[in-house]
Amino acid sequence: MTRSNIITHPLSRRQVLKGGAALGLGSAAAMGLSPAWANPWGRTNVYSKGVEEGPEVSLAIRRESIPIDGQEASTFSINGTSPGPLIRLQEGQDAVLRVTNLLDESTSIHWHGLILPPEMDGVPGVSFAGIAPGETFTYRFPVRQNGTYWYHSHSGMQEQLGHVGPLIIDAAERETFRYDREHVILLTDWTFEDPMSVFRNLKTMEGYYNFQERTVADFFADVRQNGLAPTAEMRGMWAKMRMSSRDIADVTGSTYTYLLNGHSPEENWSALFKPGERVRLRVINGSAMSYFDVRIPGLKMTVVAADGQPVQPVPVDEFRIGVAETYDVLVSPEDDQAYTIFAESMDRSGYARATLAPREGMQAEIPDRRQIADRGMEAMGAHGMTSMDHSTMEGMDHSGMSNMQGMDHASMEEMDHSAMSNMEGMDHSNMEGIDHSDMSGMNNMDHSNGMAGEQRNMLASGMLAAGDAQPGSRYGQVGIGIDPDERRVLVYRDLKAFTPWPDRREPRRELELHLTGNMERYMWSFDGKKFSEVTGPIHFEKDERLRLILINDTMMEHPIHLHGMWMELENGQGELIPRKHTLNVKPGERVSALITADAEGSWAFHCHLLYHMDAGMFRVVQVS
């Protein structure tokens, strides 16, 4: 960070709330309720938390009390709102984003999914020093893409406390689909608990927030359906692993209120349409820990973009959106009636909702809630568990499932996990003070398991053809808790890019990483090592073409995010595989993505579940 990017005189309250008339209007228009008919491009600036237009934008971050779900909440606000305002940029612009820190602690903003210089990426301790109290940092970068993205803090637990907002980049040329108006849908999860208390609770007791455990009645229901012996065997297996088959989400509706554009289900935020219009919904999962299943009963949706990148249209009734993902969908309501935009949490402990209606004050029914599902044994890793002799499992502690892929079990006994107790207050912006500047000696190592890179990397001649789906991937499966026969649900296999990525080279090497963890101790890592235990970065050679393979050895979903570069998901679509910035990896699944390492510098690579990242599921990728 250069001093030219820093201003040390804080803005006044009046300057901070520049455009406050737009933010503070008491009219229905400010709440996204009154008509604001779209221009021919379909764009509209109706968003309940205000809009900041580029290319030059000023943002101020402060701690203040804001009503959430009828209660006063201490949040991190951006220009007086939480979540923050919609930032609107134009492809081809040079963006200038001035961020003033009015807090008594350091802060940051990461522009999630944007391709930009590393020093503008906003990850303290990796690419810049953070924004100290009283300082203004100026982010400057060329806008080289378009689509639906978002922004959030990468400091401590600030993201959990409302330090997030939507980011829309309008295309320089007309997009491949037409629409008459748009609405932004930002999904978040809010807790009135201190996030550090949530983290301590997770480390204190496995399943602390799970109030939907199986009961005796569930046991007898399973016996009736499956028989006594299979039911007893299944229960016994879960007991040996010291886990519950209903560990679907670490943090649930027992503490979370699920919000849509900052509004609770009872507040029922509304968005208008004219019958016959084609409406674009830009759906962003900006939550800290929650996956959502999104549907609009009575309306078909057509998915036209994933993670900001256009895809060939996919008609669906429902889609699951992982943490940090974005999907753009088109809907065409023909009737003069209201529809419920329903985003149910994956563990069925709660939901967010809004109303899509032709007039103010209309409301549609909330659909019937679904029951929590049970994880099946296939989630234990079909790729590695099927050949194991179950008699050998009697004395094993499977609570972590972190070492099933050929790892030396004995070596795990020697790992010192006591350091985790000191990480509760850790700000992942500095990652325990590790110095990332001196990484030159690590370049010849593949740090996925500490072996020499030559021992792990395969030449292209021994690989699958680029674009083929890896064995062990489950791109055609909808995921836990959804009946694929009930309605048409989006799956990763459906995603097909409009045009091939320009780099059509076959990968020269493969890099394999295991997603590992211990649910009982609440420790999360890559290849069995949390971030504080690794000695250097993962190295990509500048401009190389490689295949990244992710193997999930845990019983939880993980949304894996790579900063600074696209991951091309190898979902079997050949040269039309889609580009994504965040990949959801289901329990026991093996996924792969092609990467062109064209972004020199240091980049964060991590699970986007906030508490998993803080517990150690974080690495740095060095491109040089």
Side-chain angles (χ1 to χ4, degrees), residues 110-123 126-128 141-142 144-145 307-309 436-468 470 497 500-514 526-527 531 534 536-551 560-571 575 577-583 585 591-608 618-624:
H110 165 57
W111 314 101
H112 188 104
L114 266 59
I115 305 301
L116 38 61
E119 63 272 15
M120 298 291 113
D121 191 46
V123 182
V126 175
S127 58
F128 85 140
F141 53 85
R144 299 182 292 173
Q145 62 203 89
D307 286 1
Q309 299 297 289
H436 304 287
S437 60
D438 186 11
M439 297 174 170
S440 57
M442 312 302 295
N443 291 353
N444 295 322
M445 292 290 291
D446 176 348
H447 296 283
S448 61
N449 69 354
M451 301 170 70
E454 290 76 12
Q455 294 178 282
R456 292 287 303 246
N457 302 332
M458 299 166 54
L459 293 176
S461 59
M463 299 180 190
L464 295 173
D468 287 351
Q470 283 277 333
W501 184 247
D503 190 350
R504 301 313 311 156
R505 293 176 297 166
E506 291 287 328
R508 292 186 61 248
R509 67 174 179 123
E510 291 183 349
L511 171 64
E512 184 176 291
L513 289 173
H514 289 252
F526 289 106
D527 284 337
F531 184 68
V534 300
I538 299 169
H539 182 248
F540 292 177
E541 292 183 12
K542 178 69 166 65
D543 294 323
E544 76 165 319
R545 184 78 165 159
L546 75 152
R547 172 178 283 130
L548 174 67
I549 298 173
L550 301 172
I551 300 174
I560 303 300
H561 175 42
L562 173 63
H563 292 222
M565 290 158 279
W566 292 111
M567 296 181 287
E568 302 163 58
L569 176 66
E570 293 192 286
N571 63 348
E575 65 177 15
I577 57 177
R579 297 185 293 275
K580 294 188 96 274
H581 53 57
T582 305
L583 296 179
V585 189
V591 307
S592 66
L594 300 177
I595 297 172
T596 298
D598 56 359
E600 195 167 9
S602 296
W603 303 97
F605 176 70
H606 59 91
C607 176
H608 220 287
F618 183 100
R619 296 290 295 272
V620 172
V621 169
Q622 177 76 29
V623 181
S624 61

Look at the aromatic rings of Trp111 and Phe141 and report parallel, tilted or perpendicular, splitting at 30° and 60°.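 Tilted: the ring planes of Trp111 and Phe141 meet at 30° to 60°.
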Is a donor from one side chain sitting under 3.5 angstrom from an acceptor on the other, for Glu119 and Ser127?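 Ser127 and Glu119 do not have a side-chain donor-acceptor pair below 3.5 Å.
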I'd like to check the side-chain hydrogen bond (donor to acceptor under 3.5 Å, both in side chains) partners of Glu544; sequence neighbours left out, ordered by chain and number.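 Listed in chain order: Arg509.
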Check ion pair Glu568-Arg579 (N to O, under 4.0 angstrom):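 Looking at Arg579 together with Glu568, the answer is no, because their closest N to O distance does not fall below 4.0 Å.
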Of Leu562, Val623, Asp503, the residue whose pairing with Ile595 passes side chain to side chain contact (heavy atoms under 4.5 Å, CB included):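 Filter result, single survivor: Leu562.
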Which heavy atom in [X] sits nearest to a heavy atom in [Y], and how many Å separate them?
X	Y	answer
Leu594	Pro507	CD2-CG, 3.9 Å
Ile577	Leu569	CB-O, 3.1 Å
Ala497	Pro578	CB-CA, 4.3 Å
Pro118	Gly601	CG-CA, 4.3 Å
Ala604	Phe618	CB-CZ, 3.7 Å
Leu546	Phe540	CD1-CE2, 3.7 Å

Are any of the side-chain heavy atoms of Thr596 and Met565 separated by less than 4.5 Å?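 Contact flag for Thr596/Met565 side chains = no.
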Side-chain contact test, heavy atoms from C-beta onward, threshold under 4.5 Å: evaluate it for Val585 versus Ile560 and give yes or no.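 The answer is yes, as the side chains (C-beta and beyond) meet within the 4.5 Å cut-off.
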Give the C-alpha distance, both sets of side-chain angles, the deciding distance and a yes or no for side-chain contact (heavy atoms from CB on, under 4.5 Å) between His561 and His606. CA-CA 6 Å; His561 175 42; His606 59 91; 3.9 Å; yes
Sequence neighbours excluded, which residues qualify as side-chain contact (heavy atoms from CB on, under 4.5 Å) partners of Asp468?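 Checked Asp468 against side-chain contact (heavy atoms from CB on, under 4.5 Å); matches are Leu464, Ala465.
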Going through the checks in order, is the salt bridge (charged side-chain N to carboxylate O under 4.0 Å, His left out) test met by Glu570 and Arg547? CA-CA 9 Å; Glu570 293 192 286; Arg547 172 178 283 130; 2.6 Å; yes
Would you compute the distance between atom [atom1] of [X] and atom [atom2] of [Y] and round it to the nearest 0.5 angstrom?
X	Y	atom1	atom2	value
Leu583	Ser592	CG	OG	9.5 Å
Phe128	Met120	CZ	CE	8.5 Å
Leu116	His110	CG	NE2	8.0 Å

Between [X] and [Y], is there a donor-acceptor pair closer than 3.5 Å when you use the side chain of the first and the backbone of the second?
X	Y	value
Glu600	Lys542	no
Glu512	Leu548	no
Asp121	Gly564	no

Centroid-centroid distance, His581 to His563, less than 6.0 Å: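 For His581 and His563, the ring centres are not under 6.0 Å apart.
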Does Phe605 have its ring centroid less than 6.0 Å away from the ring centroid of Phe526?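 Yes, the ring centres sit under 6.0 Å apart.
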Using the side-chain hydrogen bond (donor to acceptor under 3.5 Å, both in side chains) rule, take His539 and Ser624 through it: C-alpha gap first, then chi angles, then the decisive distance, then the call. CA-CA 8 Å; His539 182 248; Ser624 61; 3.0 Å; yes
Could you give me the CA-CA distance, side-chain angles and deciding distance for Trp603 and Arg619, then say whether side-chain contact (heavy atoms from CB on, under 4.5 Å) is met? CA-CA 9 Å; Trp603 303 97; Arg619 296 290 295 272; over 6 Å; no
Applying side-chain contact (heavy atoms from CB on, under 4.5 Å) to Gln309 and Lys580, what does each step give before you reach the verdict? CA-CA 7 Å; Gln309 299 297 289; Lys580 294 188 96 274; over 6 Å; no
Go through it in stages, so that I can follow the logic: the residues are Gln470 and Ile549, the test is side-chain contact (heavy atoms from CB on, under 4.5 Å), and I'd like the CA-CA distance, side-chain angles, deciding distance and then a yes or no. CA-CA 9 Å; Gln470 283 277 333; Ile549 298 173; 4.0 Å; yes
